2 protein chains.
Amino acid sequence: MFSKACQYAIRATLFISQKSLQGERVGLKKIAEEIDSPEAFTAKILQQLARNSIIESVKGPSGGFEILDKNLDKIKLISIVEAIDGNQIFDGCGLGLKQCNSAKPCPVHDKFKSIRENLKHMLSTTNIRELATDLSIGNVFLKA
Amino acid sequence: MFSKACQYAIRATLFISQKSLQGERVGLKKIAEEIDSPEAFTAKILQQLARNSIIESVKGPSGGFEILDKNLDKIKLISIVEAIDGNQIFDGCGLGLKQCNSAKPCPVHDKFKSIRENLKHMLSTTNIRELATDLSIGNVFLKA
DNA sequence: TATATAAAGGACAAAAATATCCGAATATAT
DNA sequence: ATATATTCGGATATTTTTGTCCTTTATATA
Ligand code: FES
Ligand code: FES
């Protein structure tokens, strides 16, 4: 469904969000530990998220990553998915035709479209604060 | 969503189905042309489908690929997806946790689960004859 | 039986995704 | 100012996916 990079991105963003809710900034090492991801690869992904203004990065001692409070409401899951995986998953043909076009549809166009719209709706309406709050409550997890 | 191999597999299966409806067997070259896929790679995928008894292959002159009439009803899209991509897409965690487990769920478990169930239901109830018939009618297509 | 045709299968190649390493840049604290 | 902590960015490595090529095997038919 999503690339590993995207999965790490979502997990990392949620962990950073949780910390930001508590007013804490958090470093790469800690993030990679808490979401059980390869550290150097995670660093690349965090850079992408920072360039896309999903998270903020601060260099130097006591630096690390954080999310602006206003962004906890503004950023939806779909922002992360689009930043990392692009929108092929929403716009592309499920059977890999060069373009998904209802004027020249593939045999599963209608059925796929409806599922992709579900997915898109879910990702567009789920915000980060909501998920980070669930995490803080402690009944959901970021690693097995 | 699906690997390219899986997309080719579905397109190829539907094309073969359409021909089988007409009582015709069809060869690799023609298949690759009609679904716009790389020929040699498609050959590998057809082998996998044949080993999984989704399609039948016949060697030699006037050989090629076909689908048994009874299988046109029996084979659902999900059979193809599982044969090529496995069931990670249905069973795996959307955020990449080692296992999707409602006893220790990730923050999007419930939301993902519902979408994956939609997808699974759609793939489980869509059979090949139905899609091949649509193809024959000519209002859906296997290449752009 | 000989020949031609078509898929099967193994080895290899290229491209993309995932992952690592290390020096440079930068901010903080002393 | 200096030392230190931390992200940034470029180069490289590994793994997986996608794709190719060539030989072997099976089979129909002349
Ligand atoms: S054309 Fe295939 S999903 Fe729209
Ligand atoms: S635990 Fe993540 S989808 Fe079930």
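Chain naming here is simple, since letters A, B, ... match the order of the sequence lines and numbering starts at 1 in each. Given the structure is predicted, the values throughout are model-derived calculations rather than measurements.
Of the listed nucleotides (C:dA8, C:dT18, C:dA19), C:dT18 has the atom at the smallest distance from the side chain of A:S3. Of all nucleotides listed (D:dT7, D:dT18, C:dA19), C:dA19 comes nearest to the side chain of A:P38.
Residue A:Q7 contributes atom CD, which lies 12 Å from atom C1' of C:dT18 at whole-angstrom precision. Rounded to an integer number of Å, the gap from CD of B:E56 to P of C:dA8 is 11 Å. The distance between atom CD of B:Q47 and atom P of C:dA6, rounded to the nearest whole Å, is 17 Å. Following rounding to the nearest Å, A:D85 (CG) and C:dT18 (C1') show an atom-to-atom distance of 13 Å. At whole-Å resolution of the value, CZ in A:F41 and P in D:dA13 are 18 Å apart. One can place CD1 of B:I84 at 13 Å from P of D:dT17, the figure rounded to the nearest angstrom. At whole-Å resolution of the value, CG in A:L28 and P in C:dA19 are 14 Å apart. In this structure, NZ of B:K29 is placed 9 Å from P of C:dA6, rounded to the nearest angstrom.
In summary, the side chains of B:T126 and B:K76 do not present any donor paired with an acceptor at a separation below 3.5 Å, with no hydrogens or angles considered.
For A:F2 and A:Y8, the ring centers sit 6.0 Å or farther from each other.
Counting any heavy atom pair closer than 4.0 Å across all strands shown, B:R51 reaches sugar-phosphate atoms only and no base atom. Among the atoms of the strands shown, none is found under 4.0 Å from any heavy atom of B:L46.
When the side-chain nitrogen and oxygen atoms of A:Y8 are compared with OP1 and OP2 of C:dA19, one or more of them lie within a distance under 4.0 Å.
Taking a cutoff of 4.0 Å between a charged side-chain nitrogen and a carboxylate oxygen, A:E33 and A:K29 do not qualify as a salt bridge.
Comparing B:K4 and A:K44 along DNA chain D, the residue whose closest nucleotide (by nearest heavy atom) sits nearer the 5' end is A:K44.
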task: Kindly indicate, with the supporting measurements, whether the criterion ring-ring contact (aromatic ring centres under 6.0 Å, His included) is fulfilled by B:F65 and B:F15.
output: CA-CA 10 Å; B:F65 299 90; B:F15 180 63; over 10 Å; no
task: May I have the step-by-step check of salt bridge (charged side-chain N to carboxylate O under 4.0 Å, His left out) for A:D69 and A:R129, ending in yes or no?
output: CA-CA 9 Å; A:D69 192 73; A:R129 186 190 298 276; 3.2 Å; yes
Short N/O separations, protein against nucleotides 2-5 of chain D, under 3.5 angstrom:
none

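Not a single donor-acceptor pair, N or O on each side, falls under 3.5 Å between the base of D:dG19 and the side chain of B:E39.
In terms of modelled atom types and a separation under 3.5 Å, the side chain of B:N127 and the main chain of B:E130 share a donor-acceptor contact.
The number of heavy atoms from other shown groups lying within 6.0 Å of NZ (A:K113) does not exceed 12.
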